[in-house]
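Below: one structure, written as structure tokens.
Every number for a ligand or one of its atoms is a count from 1 in the order of the listing.
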Amino acid sequence: METKTHEQLHIFFLPFMGQGHTLPLIDIAKLFASRGEKSTIITTPANAPIFTRAIQTSRSSGLDIELLLIKFPSTEVGLPEGIESSNWSETAEIAEKFFKALSLLEQQIEKLLHQYHPHCIVSSSLFHWTTDLAAKFGIPRLIFQGPGFFPLCASMSVTLYQPHMKVASDSEAFVLPNLPHEIIITRNELPSYIKQDDETEILKLLKQCRETEKRSFGIIINSFYELEPDYADHYRKAFGRKSWHIGPVSLCNTAENDQSARGREGSDDQVHECLHWLNSKKPNSVVYVCFGSLNSFSDCVLTEIALGLEASEHQFIWVAKKEKDDKEEWLPEGFEQRMEGKGLIIRGWAPQLLILQHEAVGAFLTHCGWNSILEGVTAGVPMITWPLFADQFYNEKLVTQILGIGVSVGSRKTSDGAVKSKAGVKWEAIKKAVTEIMDGDEAEKIRCKAVALGEIARSAVEEGGSSYSDLTALIEEVRSFKS
Ligand code: UDP
């Protein structure tokens, strides 16, 4: 931790309740604290367990970081008690109520601002009302954007130029206008909310977020300049947004304890089992398969994945999440016996950072969530891309077309919601992609590029690196705003 030469800044962090937002925002709070500032994270009781271990380990290593709890207004919007995160938003009705509840948090945050007088508030983009609230208290509001520069630019291109309205069918390819590269996409791959005609609550919310984005102090991006320089420049110039890239933020978890505790409660037995299993494998011999924190699948999709992995004849760790009310048996007959020693199936939460960094891991089959992409890049691991929804199709194009560190499994249609019930990708395609990335003609070239990029990612957060310097600049700007 750095020693303080100025008055300490006190920063409030208000993360959106979903692991994909929460985990990087905890890391950002730790980064500010590691520079000698004070970080206070605000969340609700049901979400608190995700934070407690991270806060405890950070505090015991001397960081000034704490957690404040506020009540989630479940009853006020007609949600059952305990539903306080987007992980539960599987039906449109629950999602709508959940998003309505978010705007009801304003009064409680206002009270905390009165009580604590922080110097700045960093909140997820969906808390659009924090811009005006911060202005009321004369402090800056920084937005935390989950995605990197490339998906943000792609999304802005669609919103501004509406290229998807000029094609005749969902499968007709078109170019995303006004971007540094020629990025070809179809309507099938665009986030589903873009294609909705009606003014749904979620669309209205997104509009409000964009509106307040322009009036906020600026945007924190979990990326590093060298990963997407054209898009970092484009985002700043073409859209006039003030932004700071300070990632990969997951790299602030340097101790094994921090990495294994990330996003998880409970015992470390599973972590040890997983590391023990990986320790027995040769370098670059294992494919790690994980679809993020939200996605669960029906039997038929899980069966295709199992068959594809088996047919590839490669070893794997597969984080398999099953649709909640699906019947119990879902693996092909005898699969687990046949895969004994060859495949490790994790039902639940995997220590992703630890797994990706293990030398035995040779490829990452990912759903292309931004955090996963960045974590794969940081670990220097080539990727097999299987986007499912939201900005994941954009992220796939960054990995495969621009960076050249992955191959696509061929997912071409966005799926609605978090439960994936139809197998758009067949086992043959999974087998082909795994073979291509592990032992195809191009595999070695892809691996070299991935390893080189991983080294650049790690040096970006070292003293003097691009992300380290941008965080310094951000802290200075917040400090001068205060003075
Ligand atoms: N993650 C993890 N273990 C799991 C699943 C996910 O540690 O079993 C972490 C992963 O490391 C990443 C985050 O959860 O930091 C998922 O974020 P991402 O943007 O990749 O996807 P999302 O879950 O938001 O779709």
Side-chain angles (χ1 to χ4, degrees), residues 15-28 30 47 50-51 53-54 85-90 124-126 144-148 150-152 191 221-223 247-253 256-266 268 270-271 273-275 288-297 316-322 344-358 361 364-379 381 383-396 398-399 406 411 414-420:
F16 174 70
M17 294 83 173
Q19 305 274 62
H21 278 256
T22 303
L23 295 180
L25 209 49
I26 298 176
D27 292 341
I28 293 172
K30 283 162 77 171
N47 288 291
I50 304 168
F51 297 82
R53 278 188 73 179
S85 86
S86 62
N87 298 15
W88 292 95
S89 310
E90 282 165 9
S124 295
S125 47
L126 288 165
F144 168 61
Q145 284 283 20
F150 176 78
L152 287 174
I221 305 226
N222 180 16
S223 186
V249 298
S250 64
L251 279 170
C252 74
N253 299 289
E256 187 179 310
N257 197 13
D258 283 351
Q259 294 175 2
S260 69
R262 194 167 181 259
R264 203 176 52 87
E265 315 161 51
D268 288 334
Q270 194 196 36
V271 175
E273 185 201 338
C274 185
L275 288 181
Y288 170 58
V289 183
C290 182
F291 294 88
S293 62
L294 298 170
N295 299 296
S296 51
F297 295 100
F316 59 86
I317 291 185
W318 174 18
V319 189
K321 294 193 182 80
K322 197 166 99 75
L344 181 69
I345 299 175
I346 298 180
R347 292 168 168 86
W349 191 254
Q352 179 156 307
L353 293 185
L354 280 180
I355 293 176
L356 281 173
Q357 282 166 42
H358 198 286
V361 173
F364 179 17
L365 196 168
T366 170
H367 73 307
C368 301
W370 182 255
N371 296 297
S372 293
I373 294 289
L374 209 53
E375 290 160 18
V377 163
T378 308
V381 175
M383 287 178 253
I384 301 164
T385 55
W386 184 339
L388 297 167
F389 69 113
D391 59 351
Q392 296 156 12
F393 286 85
Y394 300 141
N395 299 341
E396 172 182 65
L398 175 69
V399 170
S411 162
T414 194
S415 36
D416 292 312
V419 179
K420 310 295 166 287

Set of residues satisfying side chain to side chain donor-acceptor pair (under 3.5 Å) with respect to D258, sequence neighbours excluded
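For D258 the side chain to side chain donor-acceptor pair (under 3.5 Å) partners, ignoring immediate neighbours, are T57.
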Shell of residues surrounding ligand 1, defined by a 4.0 angstrom heavy-atom cut-off that is strict
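Residues near ligand 1: G20, L23, R262, C290, G292, S293, L294, V319, K321, G348, W349, A350, Q352, H367, G369, W370, N371, S372, E375.
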Going through the checks in order, is the side-chain hydrogen bond (donor to acceptor under 3.5 Å, both in side chains) test met by E396 and T385?
CA-CA 6 Å; E396 172 182 65; T385 55; 2.8 Å; yes
Residues in ring-ring contact (aromatic ring centres under 6.0 Å, His included) with Y394, at least two apart?
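In terms of ring-ring contact (aromatic ring centres under 6.0 Å, His included), with neighbours along the sequence ignored, Y394 is linked to no residue.
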Using ring-ring contact (aromatic ring centres under 6.0 Å, His included) as the criterion, list what pairs up with H358, not counting sequence neighbours.
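With neighbours one apart ignored, the set is empty.
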Under 3.5 Å, side chain of S411 to main-chain N/O of P387, donor-acceptor pair present?
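At least one qualifying donor-acceptor pair exists.
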Candidate list L398, D391, V399, I373, test side chain to side chain contact (heavy atoms under 4.5 Å, CB included), partner F150, passing option
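Result for side chain to side chain contact (heavy atoms under 4.5 Å, CB included) with F150: L398.
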